[in-house]
Amino acid sequence: MRICLVSHQYLPEHSAGAEIYTHRLALSLQERGHEVLVFATKKDLARAEGQVIEQDFEGVRNLRVIRNLFYRDFRETFEDPLPGRRFQRHVLDEWKPDVVHVHHLMHHSLALPGLAQAAEVPVLMTLHDYWLACPRFGQLLDYQGRICEEVDLERCSTCMTRFAWRNPSKLRHVARGLEILRKTSGLDLQKPLQDAWRSWQGKNKAQPPAGPDADLRAALQRRQEMVRDQLVPAVDRFLCPSRFLKERMESLGLPSDKLHYHPLGVPSANADHVFVEDGDAGQSHPLRVAYMGSVLPHKGVHLLLDAYEILQLHGVEIEMAIHGGSASNPTYGEDLRIRSEELGVRFTGTYLPERIGDLLAGTDLCIVPSLWFENRPITILDARVRRIPCLVSDLGGMAELVPDPRLRFAVGDAEDLARRLTDLARHGVENLDIGDLPPDPDQDLEKTLQEYASICR
């Protein structure tokens with residue numbers, strides 16, 4: 001079977017949960033003898049918009065469409081014909097897949113499933129977040145970090161005026177210069193320039209919007225209609241990794257008969273982690289805690305440092321490490337790195353999936369402090385197969401995965417996080433209910449292949 005996996009971004013440049021899962025699925029499918037092509041996007045100011053680059057990552061062939069976000073208006077963020085033309089030519093016409101499995105459409109177009117449907121190719125879509133309802137990274141958070149319990153277009157149009165959904169037109173001329181420089185001299189300066197630009201953006205935030213934007217509201221209305229009238233009919237089935245996400249998407253208008261609960265599988269690991277209790281019970285080291293994932297504001301990573309400071313004030317000893325990159329918000333990441341150094345917290349930066357086991361080897365407890373409705377964080381699953389408990393925000397798919405109330409804290413509350421850590425540091429992490437083991441990749445793959453078979457015509 002020929003299977004095209006569609007992702008917004010891909011490894012090794014981007015290693016968030018959706019990208020890691022997409023890559024793991026690609027490897028598993030190839031091991032079973034299936035042909036796999038990953039169709040993704042890539043930001044590269046030194047290359048022409050729309051250029052298609054063929055790459056190989058760990059044996060997985062992938063096509064990257066250059067998307068530098070030089071949109072003229074907001075509608076192009078979801079119905080720009082360019083990615084559709086590239087998908088039609090390189091995937092549907094030339095590669096001719098038997099199934100298209102979408103994992104994310106950000107930076108692509110909402111029209112891709114419809115193009116596959118027109119070519120009589122069945123479409124499966126795994127929902128890793130709420131992007132079909134919320135164009136702000138699919139987080140259901142407004143520009144002030146407040147959770148959106150429902151989608152209100154008036155509120156959305158205000159929020160999106162504070163969201164950097166495109167690069168400014170002036171940067172296009174710089175990009176053209178970088179492209180010429182790369183072609184004539186081989187010198188590629190796009191990454192340092194991109195890092196500098198993101199740093200400047202982080203330090204020069206726009207002022208709060210005056211109110212809703214009528215043009216944005218109209219575009220958001222059009223986006224809702226396109227999801228309802230074009231994308232949903234073109235997708236044969238939506239896979240929901242958590243029951244919470246399934247219920248949330250039903251409440252946001254997706255048809256319940258197309259939404260199937262499908263928990264993600266993760267590789268198993270040897271039980272090489274042993275926790276020794278603290279000083280009063282013979283422990284030889286402080287509680288070792290770690291964060292793994294993207295270092296971004298909505299992930300709540302700053303809460304770890306806030307809680308760590310509180311623990312220091314009260315003389316509670318723990319060892320803390322933060323593992324993850326902050327490429328899309330380098331200012332936030334750099335601020336946390338400096339603060340981590342001052343506090344004595346280990347801050348290691350970006351890591352590849354194969355390093356997860358090494359990073360978790362000396363960890364007693366993982367912390368997932370996200371401020372948004374996480375779906376089914378792979379961090380929790382990777383920790384669980386190593387029998388490492390996770391302390392999580394009491395919200396969304398995180399709370400669903402962690403049944404023990406001793407391992408949940410109030411969302412965004414550093415003091416409550418510090419209280420939980422204090423209890424765990426004093427009493428240890430034994431006898432906690434860390435939840436059921438997730439499916440392994442073989443179990444996940446079998447179920448996914450059954451889904452493919454059920455939608456193939």
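Asp394 contributes no side-chain N or O that, together with a main-chain N or O of Ala410, makes up a donor-acceptor pair within less than 3.5 Å. In this structure, the side chain of Ser109 does not engage the main chain of Pro83 through any donor-acceptor pair within 3.5 Å. When atom types are taken as modelled, the side chain of Gln30 and the backbone of Leu27 share no donor-acceptor pair closer than 3.5 angstrom. Side chain of Ser15 to main chain of Pro12: no donor-acceptor pair is present (N/O by atom type, distance under 3.5 Å, no hydrogens or angles). Between the Asp404 side chain and the Ile434 main chain, no donor and acceptor come within less than 3.5 Å of each other. Of the possible polar contacts, one joining the Tyr291 side chain to the Ser294 backbone as a donor-acceptor pair under 3.5 Å is found. No side-chain donor-acceptor contact under 3.5 Å links Lys447 to the backbone of His262. Remark: the backbone N or O of Val232 is paired with a side-chain donor or acceptor of Lys258 at under 3.5 angstrom. Judged by distance alone, with hydrogens and angles left aside, the side-chain atoms of Asn167 form a donor-acceptor pair with the main-chain N or O of Asn68 at under 3.5 Å.
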Would Leu11 and Asn62 satisfy side-chain contact (heavy atoms from CB on, under 4.5 Å), going step by step from the backbone distance to the final call? CA-CA 10 Å; Leu11 301 169; Asn62 55 93; over 6 Å; no
Determine whether Met1 and Glu35 satisfy the following criterion, side-chain contact (heavy atoms from CB on, under 4.5 Å), listing intermediate values before the conclusion. CA-CA 6 Å; Met1 185 180 290; Glu35 292 183 66; over 6 Å; no
Would Ile356 and Met292 count as a side-chain contact (heavy atoms from CB on, under 4.5 Å) here? Give the steps. CA-CA 9 Å; Ile356 289 172; Met292 298 187 69; 4.1 Å; yes
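Contact annotation: the side chain of Pro135 never approaches that of Thr77 to less than 4.5 Å [non-hydrogen atoms, C-beta and beyond]. Between Pro438 and Asp444 the shortest side-chain heavy-atom distance does not fall below 4.5 Å. Taking 4.5 Å as the limit, some side-chain heavy atom of Trp131 sits within range of a side-chain heavy atom of Leu110. Side-chain atoms of Val151 and Leu220, non-hydrogen and from C-beta on, never get closer than 4.5 Å to each other. Residues Leu153 and Gln221 are in side-chain contact: their nearest non-hydrogen atoms beyond the backbone lie under 4.5 Å apart. Put simply, the side chain of Leu445 reaches to within 4.5 Å of the side chain of Leu25, judged on heavy atoms. Using a 4.5 Å cut-off on side-chain heavy atoms (C-beta onward), Phe78 and Leu105 make no contact. A 4.5 Å side-chain heavy-atom check between Leu124 and Leu239 finds at least one atom pair inside the cut-off.
Listed here is the closest heavy atom pair of Gly333 and Ser326: CA-OG, 3.3 Å. Across all their heavy atoms, Leu29 and Val36 have their closest contact at CB-CG2, 3.6 Å. Taking every heavy atom of both residues into account, Ser370 and Ser393 meet most closely at O-OG, 2.8 Å. Counting all heavy atoms, side chain and backbone alike, Leu304 lies closest to Met320 at O-CE, 3.5 Å. Closest approach of Pro377 to Leu401, counting heavy atoms only: CD-CD1, 4.0 Å. Leu141 approaches Cys159 most closely through the heavy-atom pair O-SG, 4.2 Å.
In this structure, Arg248 is not positioned above the aromatic face of Tyr130 in the sense of NZ or CZ being under 6.0 Å from the six-membered ring centre and within 45° of the axis. Both tests do not hold together for Arg86 against Trp95: distance to the six-membered ring centre under 6.0 Å, angle to the ring axis within 45°.
Checked for salt-bridge contact, Asp152 and Arg155 miss the test: no charged N lies under 4.0 Å from a carboxylate O. Between Glu79 and Arg223 there is no salt bridge, since no side-chain N of the basic residue sits under 4.0 Å from a carboxylate O of the acidic one. Using a cutoff of 4.0 Å between basic side-chain nitrogens and carboxylate oxygens, Arg2 and Asp98 are not scored as salt-bridged. Between Glu58 and Arg24 there is no salt bridge, since none of the side-chain N atoms of the basic residue sits less than 4.0 Å from a carboxylate O of the acidic one.
Taking CZ of Arg32 as the reference point, atom OG1 of Thr448 lies at 10.5 Å (rounded to 0.5 Å). One distance of note links CG of Asp73 with CZ of Arg166; it measures 7.5 Å at 0.5 Å rounding.
Ring orientation note: the planes of His302 and Tyr332 are nearly perpendicular, at an angle over 60° on the 30°/60° scale.
Considering only residues two or more places apart in sequence or on other chains, Arg346 meets the salt bridge (Lys or Arg N to Asp or Glu O under 4.0 Å) condition with none of them. Checked against salt bridge (Lys or Arg N to Asp or Glu O under 4.0 Å), Glu250 has the following partners two or more places apart in sequence or in another chain: Lys246.
Taking the six-membered ring for Trp, His108 and Phe87 have ring centres at least 6.0 Å apart. Checked against a 6.0 Å centroid threshold, the rings of His104 and His128 do not count as neighbours. His101 has its ring centre less than 6.0 Å from the ring centre of Tyr452.
Donor-acceptor pairing under 3.5 Å is lacking for the side chains of Arg386 and Thr363. A side-chain donor-acceptor contact under 3.5 Å links His323 and Thr348. Inspection of the Gln139 and His298 side chains reveals an N or O donor paired with an N or O acceptor under 3.5 Å.
Evaluated for a side-chain hydrogen bond (donor to acceptor under 3.5 Å, both in side chains) with Arg64, the options Gln51, Glu54, Gln9, Glu13 yield exactly one hit, Glu13.
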